[in-house]
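The structure appears below as C-alpha cells.
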Amino acid sequence: MRGLVLAGAGVAVLAAACGSAGSYTTVVGKIRNTGHVVVGTKWDQPSLGLLVGPGDPQGFDVDVARYVVDHLAQGRHVDITWRESPSSAREALLQNGSVDLIFASYSITEARLPKVTFGGPYVLVRQDTMVRAGDTGIKKVADLRGRRLCLAEGSNSYRRIVDPPPDGKLSQPAVLVDAANYSDCVRKLSDGELDAVSTENLLLAGFAQQDPGRFRLLNDPVSEEKWGVGIKKGDTATCEAVNQAIAAMWHDGTATRLLHKWFGKTGLRLPSRLPKPEGCT
C-alpha cells in the first residue's frame, strides 16, 4: 500500500474529498466502503515513526499500522494518508476527525480514557531513562534528584518520575525542562540543556541507535506502559476489529518479527507476548 504524505492545506483538501472520520459511523466501515484511511503517527521518532524526505514515515508503529489496516480491510486495497500526530495534538486530531486511527507510542492511561477509545494494547513497553553516555553521575533513577528532566509537551512520562502516587511512582524532585517533543528532548540532552529523558525504552532506544555511543539507557525501569491504537471516543466496533487484528499479528509472528526488525540490535529485552486487551467500552 502506498500512502500519501500531505501537510497543511493538502490534508484538508484530501479529507474533504475522501471523507473525514466523522463522516462514517465507524472507521472500519469507512475503510471497507471507501478504501481510504487517515493514520496518525509520529514523524520524529527513529525506529518508531520517522519521516525523512519524500515518501511515507518509517518505523515499528508505521508497520503495525499497515498490518492492522490491512486486516480491517478484509482483502480490499486501502490507500493510507499519513498524518503527523505529535503527543500534544493526538486527542484533538481524533476528536475533530483529522485522523481515523493513531499509532504513535500512545500509552493507555486513565486520564486519556474519557477522551479516547483505545484498541489494544499492541505492545507492553517499559519506561526507562536516557542520559549522556559520559554522565557517570546518573546510574539509576534515584540519581535524578535535583537533575534537569525533560517535559515533552503532551506526554505524561515525566509524571511517573516526579509526581507522588498514585499518578507518579518515585516523587523525585527533579527540575523540569520544557520541550516541544521527544526529538527536542534528545537535542537538548545532547546540547547539555538537560540531564535526562525518561519515557518508554523502545522510543529511547531508537534515538540511541541513531547516534551510537552518545547516549546511555539506565536499564532501571520505572513502569510498564501499554501502547494502544487511538480511536475516536465511542467507536467500539472499530476497537473490537483492531483487537482482532492485534491478536492475529502476534499469533502469526508478525509482531515479533517487526520488533526484531526495528530494535533487534539495541540489546533491549524485547516484548514477547500478546498483551491482554483493555476492552472497548
Side-chain angles (χ1 to χ4, degrees), residues 40-52 57-62 84-91 93 102-107 109 111-112 123 125-163 167-170 172-225 227 262-263 266 268:
T41 66
K42 299 291 183 65
W43 286 9
D44 66 330
Q45 293 182 351
S47 299
L48 284 172
L50 183 67
L51 181 65
V52 179
Q58 303 293 321
F60 174 71
D61 277 348
V62 177
E84 186 176 19
S85 299
S87 297
S88 58
R90 289 178 296 202
E91 284 84 19
L93 290 170
I102 290 182
F103 297 76
S105 56
Y106 205 176
S107 294
T109 66
R112 289 169 178 157
V123 68
V125 187
R126 291 181 172 186
Q127 178 172 333
D128 207 338
T129 303
M130 187 170 75
V131 299
R132 289 181 295 277
D135 190 346
T136 58
I138 304 177
K139 294 183 173 65
K140 55 187 182 301
V141 177
D143 296 331
L144 294 177
R145 174 182 290 270
R147 295 293 197 124
R148 297 167 298 171
L149 178 68
C150 196
L151 191 169
E153 185 178 357
S155 174
N156 292 312
S157 295
Y158 75 95
R159 294 187 180 278
R160 301 180 192 108
I161 302 291
V162 303
D163 283 5
D167 296 328
K169 304 287 183 182
L170 302 175
Q172 280 291 351
V175 178
L176 297 177
V177 178
D178 290 334
N181 48 43
Y182 278 107
S183 59
D184 193 26
C185 285
V186 174
R187 181 191 64 77
K188 290 185 175 185
L189 178 63
S190 180
D191 292 346
E193 298 176 39
L194 51 82
D195 301 306
V197 181
S198 188
T199 190
E200 289 86 346
N201 62 1
L202 292 186
L203 191 160
L204 296 174
F207 283 110
Q209 192 171 232
Q210 190 180 47
D211 197 355
R214 190 164 187 81
F215 305 110
R216 172 172 56 87
L217 271 67
L218 299 185
N219 194 25
D220 186 15
V222 176
S223 63
E224 189 172 62
E225 302 306 313
W227 282 358
W262 292 104
F263 304 105
T266 63
L268 291 178

- prompt: Given side chains that start at C-beta, do those of Thr129 and Asp220 come closer than 4.5 Å, heavy atoms only?
  reply: no
field: From CD (Gln210) to OG (Ser183), nearest 0.5 Å
entry: 9.5 Å
statement: Of Leu149, Asp128, Val141, the one forming a side-chain contact (heavy atoms from CB on, under 4.5 Å) with Ser198 is Leu149
message: Any heavy-atom pair between the side chains of Met130 and Val186 that's under 4.5 Å?
response: yes
query: Is the backbone of Glu225 close enough, under 3.5 Å, to the side chain of Gln127 for a donor and an acceptor to pair up by distance?
result: no
message: Any non-hydrogen side-chain atom of Tyr182 less than 4.5 Å from a side-chain atom of Cys150?
response: no
query: What is the distance from atom OG1 of Thr266 to atom CG of Asn201, rounded to the nearest 0.5 Å?
result: 8.0 Å
message: If I compare all heavy atoms of Ser87 with all of Glu91, which pair ends up nearest, and what's the gap?
response: O-OE1, 4.4 Å
Asp61 side chain reached by Trp227 side chain, heavy atoms, under 4.5 Å: yes
- request: Please check if the side chain of Arg112 supplies one atom and the backbone of Tyr106 the other of a donor-acceptor pair under 3.5 Å.
  value: no
query: Ignoring hydrogens and geometry, is there a side-chain-to-backbone donor-acceptor pair from Asp184 to Asn181 under 3.5 Å?
result: no
field: Pairwise distance SG(Cys185) to CG(Leu194) - rounded to 0.5 angstrom
entry: 6.5 Å
field: Ala104 versus Arg90, closest heavy-atom pair with distance
entry: O-NH1, 2.9 Å
query: Taking all atoms of both residues into account, what is the closest heavy-atom pair of Pro46 and Phe207, and its distance?
result: CD-CE2, 3.3 Å
query: Is any side-chain N of the basic residue among Glu193 and Arg187 closer than 4.0 Å to the acidic one's carboxylate O?
result: yes
query: Is there side-chain contact between Leu50 and Gln58, with at least one heavy-atom pair below 4.5 Å?
result: no
query: Do you know the tightest heavy-atom contact between Pro57 and Thr41?
result: CG-OG1, 3.8 Å
message: On a heavy-atom basis, which atom in Ala174 and which in Val162 lie closest, and how many Å separate them?
response: CB-CG1, 4.0 Å
4.5 Å side-chain heavy-atom contact, Glu153 and Asp178: no
message: Between Arg216 and Lys139 (side chain of the first, backbone of the second, donor and acceptor by atom type, cut-off under 3.5 Å), is there such a pair?
response: no
query: Do you know which two heavy atoms are closest between Thr109 and Asn156, and how far apart they sit?
result: OG1-ND2, 4.2 Å
- prompt: Between the side chains of Arg214 and Ser190, is a donor N or O closer than 3.5 angstrom to an acceptor N or O?
  reply: yes
task: Would you kindly say whether Glu200 and Ser105 are connected by a side-chain donor-acceptor distance under 3.5 Å?
output: no
query: Within the distance-only criterion (no hydrogens, no angle test), does the side chain of Arg126 pair as donor or acceptor with the backbone N or O of Asn219 below 3.5 angstrom?
result: no
- request: Answer yes or no: is there a donor N or O on one side and an acceptor on the other, between the side chain of Ser85 and the main chain of Lys42, under 3.5 Å?
  value: no
- prompt: Taking atom CG of Leu176 and atom CD1 of Ile161, what is their separation to the nearest 0.5 Å?
  reply: 10.5 Å
query: From Leu48 CG over to Phe60 CZ, what is the distance, rounded to the nearest 0.5 angstrom?
result: 8.0 Å
field: Phe215 vs Leu217 side-chain heavy atoms within contact, under 4.5 Å
entry: no
- request: Using the salt bridge (charged side-chain N to carboxylate O under 4.0 Å, His left out) rule, take Arg147 and Asp135 through it: C-alpha gap first, then chi angles, then the decisive distance, then the call.
  value: CA-CA 12 Å; Arg147 295 293 197 124; Asp135 190 346; 3.2 Å; yes
field: Student check: side-chain heavy atoms of Phe263 and Leu268 closer than 4.5 Å
entry: no
